[in-house]
Amino acid sequence: MHLSENEGIENNSFVVTGGLGFVGSALCLELVRRGARIVKAFDLRTHSPWSHQLRQNGVHFIQGDITDKQDVQKALRGADCVFHLASYGMSGKEMLQYRRVDEVNINGTCHIIDTCVEHQIKRLVYVSTCNVVYGGKEIVNGNENLPYFPVDDHVDPYGRSKSIAEQLVLKSNGRPFNKKNGKCLYTCAIRPAAIYGPGEERHLPRIITLAKLGLLPFKIGSPNVKSDWVYVDNLVLALLLASMGLLDDIPGRKGHPVAAGQPYFISDGSPINSFEFLRPLLKSLDYDLPKTSLTVSQALLLGNFFWALYSILHPWLNRSWLPQPLILPAEVYKVGVTHYFSFLKAKEELGYIPLVSSKEGMAATIAYWQERKRRSLDGPTIWTWLFCAIGMLSLFGAAYLPDYGPIPFVRAIGLFFFRSMLALKVMFVLAATAHAGEAIYAWNLAKTVDPANAKAWFWQTFALGVFSLRFLLKRAQK
């Protein structure tokens, strides 16, 4: 497919569902850059990290729920093309919310399809997932001829619901408009690999947080396991090419659009072990990649444990105080079993070639996270927090609290090391004084080195003492 870079974009109106998200925002900005007349970001949220930039570039915000047919009809009115990115349940706690997953991914997609037909919108590009054909069995250089993974065999509701939704979208290709004017809806599906880039908000923040806390204790599967990744700019390019592939009014090429009814795998074209892919990012942030490994079967035992535990905690899954599960079964398969796909079909039919290499994409991602770390409070692992908290509480209890519960045992241990109650009391006073002094020093130093987080440095150093102060001193040296 050889078209101008703005074919079907200039002077056209677009709606991007999930338009305030990571990929949605990048897509909206690129549509504006290429001359789109109107770009609407339809999202349940009203704010995101990209809101200000979107507003500055003239993107229209439409707040609404994709599961509400009236909200969808309002958002899509007047559009020439719809990019359907909104979804739910890709990872973490969201995976266990079956009802919401189906409401958004299946019912919401049905609303999009029906509204496109009602409003006579001719182009619908659906962002799917490679999980529609993958369910934990090895796939090497797969292509679009692979059959859908059996719906009932999916290990998570996200993969199952996205598979159903993609089939609904592709089967709706060629669906005539209600006014019977000879025109119809053209649809296609993009199946991206794991998405990364500066500002990615699903996978990388969770992984980096776990690494920072020291809760990334193991790798999963063999070092030979490989999977695909796709840089955000490459995915945006594929989406734009897909929208062009649905045009039916190209001079000299009128008729059935090349992409109509077709799915396409999209990636950087450089399959790699996920842990090796993340190694340079974690290393650049001074976080350690785990040295021990679990087999897939061992990791599945752990994943199933967390699945059962969080299923019990289902009423509180939306609460901020409930942390993300360490790992879930579907996530084990994502990193522990080889599955990667060829983008040859997208290259031949859409003209897709990655603009950004994996090396360039990771370099940009590393630069973003280094700057983000520089602006945020740094600190030790959760094990250091526990060591300090338990140590100080134990010392205080042994020195000052009456005999109750475990206090006699703790006091006996303290007396073994310090020999007298006076020594215990003096040691606690000295430790508390040292923490207070280090906290005051940290506060004064942070006002020069990291003024935005000065108070946070004070309280963290007051709790952890030198274990926190060393991070601030390291930042001051840089």
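Just so you know, these numbers come straight off a predicted model, no measurement behind them.
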For this session: Provide the closest heavy-atom pair for Ile190 versus Ala242 in the form atom of the first, atom of the second, distance.
Result: CD1-CB, 3.8 Å

Exercise. Taking the side chain from Asp156 and the backbone from Gly159, do they hold a donor-acceptor pair closer than 3.5 Å?
Worked result: yes

Exercise. Between CG of Leu124 and CG of Leu76, what distance do you get to the nearest 0.5 Å?
Worked result: 8.5 Å

Exercise. Would you say Asn57's side chain and Leu29's backbone share a donor-acceptor pair under 3.5 angstrom?
Worked result: no

For this session: Output yes when a side-chain donor or acceptor of Ser25 lies under 3.5 Å from a complementary backbone atom of Phe22, and no otherwise.
Result: no

Exercise. With a 4.5 Å limit on heavy-atom distance, are the side chains of Tyr126 and Val82 in contact?
Worked result: no

Exercise. Looking only at side chains, do Ser468 and Gln460 share a donor and an acceptor under 3.5 Å apart?
Worked result: yes

For this session: Report yes or no: does Asp228 contribute a side-chain atom to a donor-acceptor pair with the main-chain N or O of Tyr340 at less than 3.5 Å?
Result: no

Exercise. Taking 4.0 angstrom as the limit, do Asp378 and Lys474 come out as a salt bridge?
Worked result: no

Exercise. Hey, what do you get for OG (Ser161) to CD1 (Ile106), rounding to the nearest 0.5 Å?
Worked result: 5.5 Å

For this session: Check the pair Asp102, Arg160 against side chain to side chain contact (heavy atoms under 4.5 Å, CB included), reporting the backbone distance first and the verdict last.
Result: CA-CA 9 Å; Asp102 284 351; Arg160 178 185 57 80; 2.9 Å; yes

Exercise. Could you go step by step and tell me if Tyr264 and Glu349 meet the side chain to side chain donor-acceptor pair (under 3.5 Å) rule?
Worked result: CA-CA 10 Å; Tyr264 297 96; Glu349 296 185 4; 2.7 Å; yes

Problem set entry | Lys226, NZ: over 12 other non-hydrogen atoms inside 6.0 angstrom | no

Exercise. Between atom CG of Leu445 and atom CG of Leu473, what is the distance when rounded to the nearest 0.5 Å?
Worked result: 6.0 Å

Exercise. Does Arg279 pair with Glu276 as a salt bridge, N-O distance under 4.0 Å?
Worked result: yes

Problem set entry | Six-ring centre of Phe275, Lys219 cation under 6.0 angstrom, axis tolerance 45° | no

Exercise. Does Ile327 reach the side chain of Val332, with side-chain heavy atoms less than 4.5 Å apart?
Worked result: yes

Problem set entry | Plane angle bin for Trp307 and Tyr98 - parallel if under 30°, tilted between 30 and 60°, otherwise perpendicular | perpendicular

Problem set entry | Exercise: identify the closest heavy-atom pair between Ala165 and Thr109 | CB-OG1, 3.8 Å

Exercise. Within a strict 4.5 Å, meaning less than it, do heavy atoms of the Met95 and Met90 side chains meet?
Worked result: no

Problem set entry | Donor-acceptor pair, side chain of Ser48 and main chain of Leu20, under 3.5 angstrom | yes

Problem set entry | Heavy-atom neighbours of Phe218 CZ exceed 12 at 6.0 Å | yes

Exercise. Going by atom types alone, do Gln97 and Asn318 pair a side-chain donor with an acceptor below 3.5 Å?
Worked result: yes

For this session: Flag yes if more than 12 heavy atoms outside Trp385 fall under 6.0 Å of its CH2 atom; otherwise flag no.
Result: yes

Problem set entry | Main-chain N/O of Ser270 paired to Asp268 side chain as donor or acceptor, under 3.5 Å | no

Exercise. Do Phe341 and Asn143 come within less than 4.5 Å of each other through their side chains, counting heavy atoms only?
Worked result: no

Problem set entry | Leu355 backbone acceptor or donor facing Asn234 side chain under 3.5 Å | yes

Exercise. Using 30° and 60° as the class limits, which term best fits the ring planes of Phe462 and Phe458: parallel, tilted or perpendicular?
Worked result: parallel

Exercise. Can you find a pair of side-chain heavy atoms, one from Val32 and one from Leu54, that are under 4.5 Å apart?
Worked result: no

Seminar exercise, completed: Heavy-atom nearest pair, Val232 first then Ala26, reads CG2-CB, 4.0 Å

Seminar exercise, completed: Smallest heavy-atom separation, Ala463 atom then His435 atom, equals O-CE1, 3.4 Å

Exercise. For Phe265, is the NZ or CZ atom of Arg191 found under 6.0 angstrom from the centre of its six-membered ring and inside 45 degrees of the ring axis?
Worked result: yes

Exercise. Is a side-chain donor-acceptor pair under 3.5 Å present for Thr17 with His84?
Worked result: yes

For this session: Determine whether Val225 and Ser222 make a side-chain contact, defined as any pair of heavy atoms from C-beta on separated by less than 4.5 Å.
Result: yes

Exercise. Does the salt bridge (Lys or Arg N to Asp or Glu O under 4.0 Å) test come out yes or no for Arg175 and Asp114, once each step is laid out?
Worked result: CA-CA 10 Å; Arg175 184 172 163 182; Asp114 291 342; 3.2 Å; yes

Exercise. Does Ser267 offer a backbone N or O that forms a donor-acceptor pair with the side chain of Tyr352 under 3.5 Å?
Worked result: yes

Problem set entry | Working for side chain to side chain contact (heavy atoms under 4.5 Å, CB included), residues Ile66 and Ile112 | CA-CA 8 Å; Ile66 198 173; Ile112 293 291; 4.0 Å; yes

Problem set entry | Plane angle bin for Phe14 and Phe83 - parallel if under 30°, tilted between 30 and 60°, otherwise perpendicular | parallel

Problem set entry | Lys/Arg N to Asp/Glu carboxylate O, Asp286 vs Lys212, below 4.0 Å | no

Exercise. Is there a side-chain contact between Leu246 and Ser243, using heavy atoms and a 4.5 Å cut-off?
Worked result: no

For this session: Begin with the C-alpha distance, continue with both residues' side-chain angles, and end with the deciding distance and a verdict on salt bridge (Lys or Arg N to Asp or Glu O under 4.0 Å) for Arg375 and Glu371.
Result: CA-CA 6 Å; Arg375 291 186 281 104; Glu371 175 61 20; 3.3 Å; yes

Problem set entry | Asp68 vs Val72, side chain to side chain contact (heavy atoms under 4.5 Å, CB included): CA-CA, chis, key distance, verdict | CA-CA 6 Å; Asp68 187 319; Val72 174; over 6 Å; no

Problem set entry | Salt-bridge criterion met for Arg206 and Glu200 (N-O under 4.0 Å) | no

Problem set entry | 4.5 Å side-chain heavy-atom contact, Leu27 and Leu240 | yes

Problem set entry | Check against ring-ring contact (aromatic ring centres under 6.0 Å, His included), Tyr231 and Tyr196 | CA-CA 5 Å; Tyr231 187 66; Tyr196 72 103; 5.4 Å; yes

Problem set entry | Under 3.5 Å: donor-acceptor pair, side chain of Lys171, backbone of Glu166 | no

Exercise. In terms of heavy-atom contacts, does OH of Tyr148 have more than 12 from other residues, nucleotides or ligands at under 6.0 Å?
Worked result: yes

For this session: Measure the OG-CZ distance between Ser394 and Phe409 for me, rounded to the nearest 0.5 Å.
Result: 10.0 Å

Problem set entry | Exercise: do Ser227 and Ser274 side chains pair donor with acceptor under 3.5 Å | yes

For this session: Report yes or no: is the cationic atom of Lys373 (NZ for Lys, CZ for Arg) under 6.0 Å from the centre of the six-membered ring of Tyr287, at an angle within 45° of the ring normal?
Result: yes

Problem set entry | NZ/NE/NH1/NH2 to OD/OE distance under 4.0 Å, Glu94 and Arg100 | no

Problem set entry | Arg45 to Gln63 - nearest heavy-atom pair and separation | O-CG, 3.9 Å

Exercise. Do Lys345 side-chain atoms and Pro263 backbone N/O form a donor-acceptor pair below 3.5 Å?
Worked result: yes

For this session: Could you walk me through whether Leu281 and Trp369 pass side chain to side chain contact (heavy atoms under 4.5 Å, CB included), step by step?
Result: CA-CA 8 Å; Leu281 173 60; Trp369 275 100; 4.0 Å; yes

For this session: Identify the heavy atoms of Ser128 and Pro192 that sit nearest to each other, and give their distance.
Result: O-CD, 3.3 Å

For this session: Rounded to the nearest 0.5 Å, what's the gap from CG on Asn453 to CZ on Arg374? Could you check?
Result: 10.5 Å

